[in-house]
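Have a look at the structure below, then the notes.
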Amino acid sequence: MASSMSLTPLLKDEVDIVIPTIRNLDFLEMWRPFFQPYHLIIIQDGDPSKKINVPEGFDYELYNRNDINRILGPKASCIYFKDGASRCFGFLISKKKYIYTIDDDCFVAKDPSEKEINAVQQHIKNFLSPSTPYLFNTLYDPYAEGADFVRGYPFSLREGVPTAVSHGLWLNIPDYDAPT
């Protein structure tokens, strides 16, 4: 039997999911079990006259360049289009405590047993857990139940600090910086 935590989405009323897009959002079908409980803010990049299709059953707002121009007026130029930076408008208008953002070409990852990974829930758990300041506990999460800090980790830092950013990376694709 599943635990009540897995049945109830974490922080359902405190999370917005921001998605910049240039295409139909058919990719949401694979994310449905993880995204459907949350509110989506979709920012349409490109031609604002193009109709973007969002699968039924999602709670969402859809904005395009015309909407942003109307809402922000002369300050609309601060929202850059032509790449994923249009997501910044979603950050601007969200009224939620936490924002999860994803591109429209991301797939649901699977663990070694081929079970789909709920990345939203994992990032929310990261926000609810303290982070280690200045030093990184290299073996495991020291805040996990039954774990502890490795020898040498300063006692004065073990309480942790609030987590501000939980950043995911691409799987199986190196995401190098320009010099590397």
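Counting begins at 1 with the first residue of the sequence.
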Task: Residue pair Tyr100 / Ile124, side-chain heavy-atom distance below 4.5 Å - done: no
Open item on the list: Check whether Arg158 reaches the backbone of Tyr153 with its side chain - one donor and one acceptor, N or O, closer than 3.5 Å.
Closed with: yes
Task: Leu28 and Ile19, any side-chain heavy atoms less than 4.5 Å apart - done: yes
- [ ] Please determine if Lys95 and Asp16 form a salt bridge, counting it only when a charged side-chain N lies under 4.0 Å from a carboxylate O.
- [x] no
Task: Flag, side chain of Asp103 to backbone of Asp105, donor-acceptor distance under 3.5 Å - done: no
Open item on the list: Using 0.5 Å steps for rounding, measure from the CZ atom of Phe58 to the CG atom of Leu25.
Closed with: 9.0 Å
Open item on the list: Just verifying a value: how many Å separate Tyr38 OH and Leu11 CG, rounded to the nearest 0.5 Å?
Closed with: 6.5 Å
- [ ] Evaluate the ring planes of Trp31 and Phe35, with Trp represented by its six-membered ring, and classify them as parallel (under 30°), tilted (30 to 60°) or perpendicular (over 60°).
- [x] parallel
Task: Validation row: Lys96, Glu14 side chains within 4.5 angstrom (heavy atoms) - done: no
- [ ] Looking only at non-hydrogen atoms, find the nearest pair between Glu159 and Pro130 and report the distance.
- [x] O-CB, 3.8 Å
Open item on the list: Do Leu157 and Phe149 land in one hydrophobic cluster if side-chain heavy atoms of ILVMFWY residues count as linked below 4.5 Å?
Closed with: yes
Open item on the list: Contact between Asp104 and Pro20 at the side-chain level, heavy atoms closer than 4.5 Å - yes or no?
Closed with: no
- [ ] Group every Ile, Leu, Val, Met, Phe, Trp and Tyr by side-chain heavy-atom contacts under 4.5 Å, then state whether Ile71 and Leu92 land in the same group.
- [x] yes
Task: Interatomic distance, Ile52 atom CD1 to Ile22 atom CD1 [nearest 0.5 angstrom] - done: 8.5 Å
Open item on the list: Which label fits Phe89 and Tyr63: parallel for a plane angle under 30°, tilted from 30 to 60°, or perpendicular past 60°?
Closed with: perpendicular
- [ ] Without swapping roles, check the side chain of Gln44 against the backbone of Lys50 for a donor-acceptor pair under 3.5 Å.
- [x] yes
- [ ] Please examine the side chains of Phe34 and Ile17, heavy atoms only from C-beta on, and report whether any two atoms are closer than 4.5 Å.
- [x] no
- [ ] Would you kindly confirm whether Val54 and Met30 end up in one hydrophobic cluster when ILVMFWY residues are joined by side chain heavy atoms under 4.5 Å apart?
- [x] yes
Open item on the list: Between Asn24 (side chain only) and Asn53 (backbone N and O only), is there a donor and an acceptor less than 3.5 Å apart?
Closed with: yes
Open item on the list: Once rounded to the nearest 0.5 Å, what's the spacing between atom CZ of Phe127 and atom CG of Leu10?
Closed with: 12.5 Å
Task: Check: Ala76 main-chain N/O paired with Arg65 side-chain donor or acceptor under 3.5 Å - done: yes
Task: Side chain proximity check, Ile41 to Ile99, heavy atoms < 4.5 angstrom - done: no
Open item on the list: Hydrophobic clustering (ILVMFWY, side-chain heavy atoms < 4.5 Å, transitive) - are Val108 and Val15 grouped together?
Closed with: yes
- [ ] Work out which heavy atom in Pro37 is nearest to a heavy atom in Pro33; give both atom names and the distance.
- [x] CD-O, 4.3 Å
Open item on the list: With rounding to the nearest 0.5 angstrom, report the CZ to OG distance, Arg87 to Ser94.
Closed with: 14.0 Å
TODO: Quick one: pull up CD1 in Ile43 and CD1 in Ile93 and give me the separation to the nearest 0.5 Å.
DONE: 5.5 Å
